[in-house]
Protein chains: 2
Amino acid sequence: MARYAPEHKDATRRRMIETAGRRFKSDGFAGSGIATLVGDAGLTNGAFYSHFESKDDLITTVVAEQIAAQAARIEALPVGIASVEAFLRDYLSAEHRDNPADGCPSAALLDEISRCSEATRSAYTDGAHRMIQAIVHLLDAGDTPDAYDRAIGLYTLLVSSLQLARAVNDPALSDQILSAAYRNAMTIAASTTPPSR
Amino acid sequence: MARYAPEHKDATRRRMIETAGRRFKSDGFAGSGIATLVGDAGLTNGAFYSHFESKDDLITTVVAEQIAAQAARIEALPVGIASVEAFLRDYLSAEHRDNPADGCPSAALLDEISRCSEATRSAYTDGAHRMIQAIVHLLDAGDTPDAYDRAIGLYTLLVSSLQLARAVNDPALSDQILSAAYRNAMTIAASTTPPSR
DNA sequence: TGTACATCAGTGAACGCGCGTTCACTGATGTAC
DNA sequence: TGTACATCAGTGAACGCGCGTTCACTGATGTAC
């Protein structure tokens, strides 16, 4: 009865979500047109609307997917300060700064999200809760209000440091922002539990 | 010879820069069209190009103006930890969160700036240097590398906390983000110099 | 003081273009007989 | 095994619209005489 195996259309949809994630993180939501998004996935214009209701539907789907992936990455880390250090080095690397398409969705898109639809903001909010929870666990400081505050602080400090390092034109300042962020993040991470070194 | 006093056109230009600053901070660069920008200043479409070369020229002008104003606000603060505290409370207030048009340009626009022209990024970079310098002075911790790192940390922590508080849909989480930012900012501000309370 | 003129800030219609979205269609495939 | 058919993922042209930008113009004003 069905022409293609049921996985076929699903695979195309997943490919769209993946390539759109990369495109949005490089060019922003407003800067990414349907023709480009669909072309990235090797399709043409009209195919879009058999996969998504609208551009906003794609944005919401991509935001949910991207932030969940980022949270999952943190959940997969071993607990403890050594692991935090390794994560910070990776997050605050020049490579991450120079490749937004492969990187953290919050750093690339956070201030655009506040201008998005309620559906998109809800998707982001769910992801933010999960992300904060994951950082609390990573810090291994118990489920205390203080641990929450520090987790939120790490989250925001990292996101904005990457944004600022990407915004400025001066390579020396950009590098300094990344290394300052590392030290400040360690200060916050260790502001109750002392670092292991 | 001249029809109007020379201040007349200058005043219109300044009005455009001011209203465009507010509009950009609410709706983003991409989300603000020329017709709207010019309408905000009480003009019609065609008047735009006798004041600015292009939309990008306006963006660059506005970014330079906005970040300089923000830096000037910090430069005007009295030095010391009590002053830092007062500034943090103001920056991290619900009012600032809920009124992006009146607020900090970095919080509203930082991740869009990395996608702007080199001219705009240069304007922002100049402002960022000045801002960091102003925070170093405000912290009154000497011109040491450590003071620089802490100043950068405060800058990024504040910006992203406001962004995150604006992005999330959940009022309780949003409030928590602001109060967490206050504590973490104080931790960074005081990470060498202890707070006065 | 009154009139003709030059200036030029601002008007508003028009330009080509790319946007998000729609839709009649194509053609590769699995199924039925 | 071979042929006719139904399915439906994907095509590509077209839609109205708002974008950034251009330009011929208007009309309020200060100056010249």
Side-chain angles (χ1 to χ4, degrees), chain A residues 1-21 23-24 26-63 109 112-113 115-120, chain B residues 1-21 23-24 26-63 109 112-113 115-120:
Chain A
M1 207 194 279
R3 189 171 66 98
Y4 292 107
E7 307 89 50
H8 183 242
K9 195 176 181 185
D10 284 1
T12 302
R13 183 185 157 91
R14 269 198 301 276
R15 187 154 33 91
M16 273 282 334
I17 293 170
E18 211 171 278
T19 55
R23 177 62 66 178
F24 283 149
S26 323
D27 298 350
F29 298 129
S32 306
I34 300 288
T36 305
L37 290 164
V38 101
D40 285 346
L43 301 173
T44 55
N45 251 13
F48 185 85
Y49 293 89
S50 62
H51 292 284
F52 303 97
E53 258 182 31
S54 61
K55 187 184 182 183
D56 189 71
D57 178 24
L58 174 65
I59 290 174
T60 301
T61 305
V62 166
V63 165
L109 296 166
E112 281 202 83
I113 285 166
R115 297 179 200 112
C116 286
S117 68
E118 287 300 306
T120 302
Chain B
M1 207 194 278
R3 190 169 65 98
Y4 292 108
E7 307 88 49
H8 182 243
K9 195 176 181 185
D10 286 0
T12 303
R13 184 186 157 91
R14 269 198 300 275
R15 187 155 33 91
M16 272 280 337
I17 293 170
E18 211 170 279
T19 55
R23 178 62 66 177
F24 284 148
S26 324
D27 298 351
F29 298 129
S32 308
I34 300 289
T36 305
L37 290 165
V38 102
D40 286 347
L43 301 174
T44 54
N45 252 13
F48 185 84
Y49 292 88
S50 63
H51 292 284
F52 303 98
E53 259 181 31
S54 61
K55 188 183 181 183
D56 189 72
D57 179 25
L58 173 65
I59 290 174
T60 301
T61 306
V62 166
V63 164
L109 296 165
E112 280 201 82
I113 285 167
R115 298 179 199 111
C116 285
S117 69
E118 287 300 305
T120 303

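In what follows, chains are A, B, ... by sequence order, proteins preceding strands, each numbered from 1.
- Sorted by first and then second residue, the salt bridge (charged side-chain N to carboxylate O under 4.0 Å, His left out) pairs with a member in residues 43-54 of chain A form an empty list; sequence neighbours excluded.
- Applying the side-chain contact (heavy atoms from CB on, under 4.5 Å) rule to A:Ala35 yields the partners A:Asn45; only residues at least two apart in sequence or on another chain are considered.
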Seminar exercise, completed: Read 5' to 3' with Watson-Crick or G-U pairs under 3.5 Å, [ ] for crossing pairs and | for partners on another strand, DNA chain D gives .||||||||||||||||||||||||||||||||

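- With sequence neighbours excluded, the residues that form a side-chain hydrogen bond (donor to acceptor under 3.5 Å, both in side chains) with B:Arg115 are A:Glu112.
- Of the side-chain N and O atoms in B:Thr12, one or more sit less than 4.0 angstrom from OP1 or OP2 of C:dG10.
- Distance A:Lys9 NZ to D:dC8 C1': 8 Å, rounded to the nearest Å.
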Seminar exercise, completed: Nucleotide by nucleotide, nucleotides 19-26 of chain D touches protein heavy atoms under 4.0 Å in the pattern (B base, S sugar-phosphate only, - none) -SBBB---

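- Side-chain atoms of B:Ser117 and B:Asp56 form a donor-acceptor pair, as typed in the model, at a separation below 3.5 Å.
- Taking 4.0 angstrom as the limit, B:His8 places none of its side-chain polar atoms (N or O) nearer than this to OP1 or OP2 of D:dT29.
- In this structure, CE of B:Met16 is placed 13 Å from C1' of C:dG10, rounded to the nearest angstrom.
- Under the side-chain hydrogen bond (donor to acceptor under 3.5 Å, both in side chains) criterion, B:Ser26 pairs with no residue, sequence neighbours left out.
- Under the rule for a side-chain hydrogen bond (donor to acceptor under 3.5 Å, both in side chains), the partners of A:Thr60 that lie at least two apart in sequence or sit in another chain are A:Thr120.
- In terms of the salt bridge (charged side-chain N to carboxylate O under 4.0 Å, His left out) criterion, residue partners of A:Asp40 (sequence neighbours excluded) are, by chain and number, A:Arg23.
- When the P atom of D:dC8 is taken as reference, atom NE2 of A:His51 falls 14 Å away, rounded to whole Å.
- Residues that satisfy the side-chain contact (heavy atoms from CB on, under 4.5 Å) test with A:Ala47, not counting sequence neighbours, are A:Leu43.
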